[in-house]
Amino acid sequence: MDTNELKSTEGRTWDVVVVGGGAAGLSAALLLTRVRRSVLVIDAGEPRNAPAARVGAHNVLGREGISPPLELLRRGREEVASYGGEVVNGRVERVERGGSTFTITTQDGQRARARRVLVTTGLIDVLPDIPGLAERWGHDVIHCVYCHGWEARDTKVGVLGNFHQALLFRQMTDQVTLFAHHAPAELTDEQWEQLAALGIEVIHGTVTALETDTEQDKLTGARLASGTVIPLDTLVVAPTFTARGGFLEDLGLTLTPHPAVPGVQVAVDPSGFTGVQGVWAAGNVSDVLAAVPQSAGAGNTAGGAINMDLILEDARRATEAREAASATPFDGTMEAEVSRRVLGTRAHGLEGPA
């Protein structure tokens, strides 16, 4: 993590301050610095994929399986810095508009000023309240078949109360157990038939704890309220995804429920624009299902939109300045030139009367 302090940036106005230094934020910063925008990235150092340090980051073309995932961010920071961008440690507590600029204040009271703000703070995974589950999160308690399904292939996989995840992981192994747990809705007859046809066992009852082998540091099973332990190598859960950032409401950003999964995200248009003048959002904060590649792509898209917005503002300001200059009622140099051309030597009284 870069150890620069935010106080070293006081006294200047950045073109863009990026709040959050994950894949989305750093991708946007890289694009913007390469078109000579001044960019400051403020990052709290809490990437969502930090718990997955042992398994690496997947589906990143050219960097498949990069481990630990934080290595990807380290390289990204170096690339941003190589084009003049700055990455500093800090937790943003407040973002306020003052005229045409924003003041960004961190938890320790440091401030930065910016013309535009990009929010890439990610999300918080709210996990099921089951003893032992949070400790295994990102290792052998997972949620995404595309992120970690390959590593769970041909093993005993339990799925906590989610029919569609059971189907997804059945593609990776024929040893899938669906725990009814606190499933919010009853399965339809068609769904029951599909589970039976695929050989997915359904276990009724509540999962009350996870069993682990502490010596080998691995999951071994799920304990039910009845006391029965179902052997497992992996447990699949569906967290509630919540956009991260207590300052979002102060900016006037709208949080909306995701249409397909439990959770809320910042509402944006295809460019990442939030509807609040000067503010964009990208990555998991505005798309809770985005993985690293999608987040990076959204960061690039938002960065391009922000740059164009700044270009249009710069052009407008330049035009206004030019028009103001041409409308000046008196200019000494211009007045002297007009007098010379019209009066010639008579301007100095050197020519006698006609």
Side-chain angles (χ1 to χ4, degrees), residues 6 9-43 76 79-81 83-88 90 92 94-105 111-122 243-245 247-256 265-287 290 294-324:
L6 183 57
T9 73
E10 290 183 355
R12 67 179 296 183
T13 298
W14 300 85
D15 286 328
V16 186
V17 165
V18 180
V19 184
L26 291 174
S27 293
L30 182 59
L31 180 144
L32 287 162
T33 54
R34 279 180 48 82
V35 291
R36 310 190 78 174
R37 290 295 178 189
S38 60
V39 180
L40 173 68
V41 180
I42 304 175
D43 183 53
E79 291 168 353
V80 169
Y83 290 101
E86 291 195 35
V87 181
V88 299
V92 172
R94 189 167 61 257
V95 180
E96 300 169 294
R97 184 191 301 278
S100 61
T101 63
F102 297 88
T103 298
I104 298 91
T105 305
R111 292 180 174 84
R113 190 166 61 248
R115 298 171 63 191
R116 300 292 185 273
V117 174
L118 173 60
V119 179
T120 59
T121 47
R244 185 197 300 269
F247 60 89
L248 298 178
E249 291 185 4
D250 294 337
L251 269 177
L253 301 188
T254 302
L255 295 177
T256 60
Q265 59 193 22
V266 174
V268 296
D269 73 6
S271 76
F273 180 56
T274 63
V276 175
Q277 183 180 0
V279 183
W280 276 255
N284 282 144
V285 74
S286 56
D287 181 359
Q294 291 92 332
S295 293
N300 264 263
T301 298
I306 291 170
N307 185 53
M308 180 54 67
D309 192 53
L310 287 168
I311 285 172
L312 294 175
E313 180 178 283
D314 292 340
R316 177 180 57 78
R317 288 183 175 182
T319 301
E320 290 173 352
R322 182 181 184 189
E323 290 174 349

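The basis for the numbers below is simple: all heavy atoms, side chains too, and nothing from hydrogens, waters or symmetry mates.
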Go through the steps to decide whether Leu251 and Phe102 satisfy the test side-chain contact (heavy atoms from CB on, under 4.5 Å), and finish with yes or no.
CA-CA 10 Å; Leu251 269 177; Phe102 297 88; 4.2 Å; yes
Given 3.5 Å as the limit, does a donor-acceptor pair link the side chain of [X] with the main chain of [Y], or not?
X	Y	answer
Arg244	Thr121	yes
Ser295	Ala24	no
Asp15	Arg116	no

What are the two closest non-hydrogen atoms of [X] and [Y], and how far apart are they?
X	Y	answer
Asn284	Ala290	ND2-O, 2.7 Å
Asp314	Arg37	OD2-NH1, 3.2 Å
Gly303	Leu31	C-CD2, 3.6 Å
Ser27	Asn300	CB-ND2, 3.4 Å
Ile42	Gly90	CG2-O, 3.5 Å
Ala29	Val80	CB-CG2, 3.9 Å

Verify the neighbour count for atom [atom1] of [X]: are there more than 12 heavy atoms of other residues, nucleotides or ligands below 6.0 Å?
X	atom1	result
Arg322	CZ	no
Arg97	CZ	yes
Gln277	CD	no
Glu320	CD	yes

Inset, instruction - Identify which one of Val16, Val87, Val19, Val88 satisfies the side chain to side chain contact (heavy atoms under 4.5 Å, CB included) criterion when paired with Leu40. - result: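 The residue from Val16, Val87, Val19, Val88 that satisfies side chain to side chain contact (heavy atoms under 4.5 Å, CB included) with Leu40 turns out to be Val88.
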Step by step, work out the side-chain contact (heavy atoms from CB on, under 4.5 Å) result for Gln265 and Thr256. CA-CA 6 Å; Gln265 59 193 22; Thr256 60; 4.2 Å; yes
Check: [Y] and [X] side chains under 4.5 Å, non-hydrogen atoms:
X	Y	result
Thr13	Arg115	yes
Val95	Asp250	no
Ser271	Met308	no

Got a second to check how far [X]'s [atom1] is from [Y]'s [atom2], nearest 0.5 Å?
X	Y	atom1	atom2	answer
Ile104	Arg94	CD1	CZ	11.0 Å
Trp280	Asp309	CH2	CG	3.5 Å
Arg34	Glu79	CZ	CD	10.0 Å
Thr274	Leu253	OG1	CG	5.0 Å
Thr301	Ile306	OG1	CD1	11.0 Å

Give the C-alpha distance, both sets of side-chain angles, the deciding distance and a yes or no for side-chain contact (heavy atoms from CB on, under 4.5 Å) between Val266 and Leu255.
-> CA-CA 5 Å; Val266 174; Leu255 295 177; 3.7 Å; yes
Exercise. Using the side-chain contact (heavy atoms from CB on, under 4.5 Å) rule, take Tyr83 and Leu30 through it: C-alpha gap first, then chi angles, then the decisive distance, then the call.
Key: CA-CA 8 Å; Tyr83 290 101; Leu30 182 59; 3.7 Å; yes
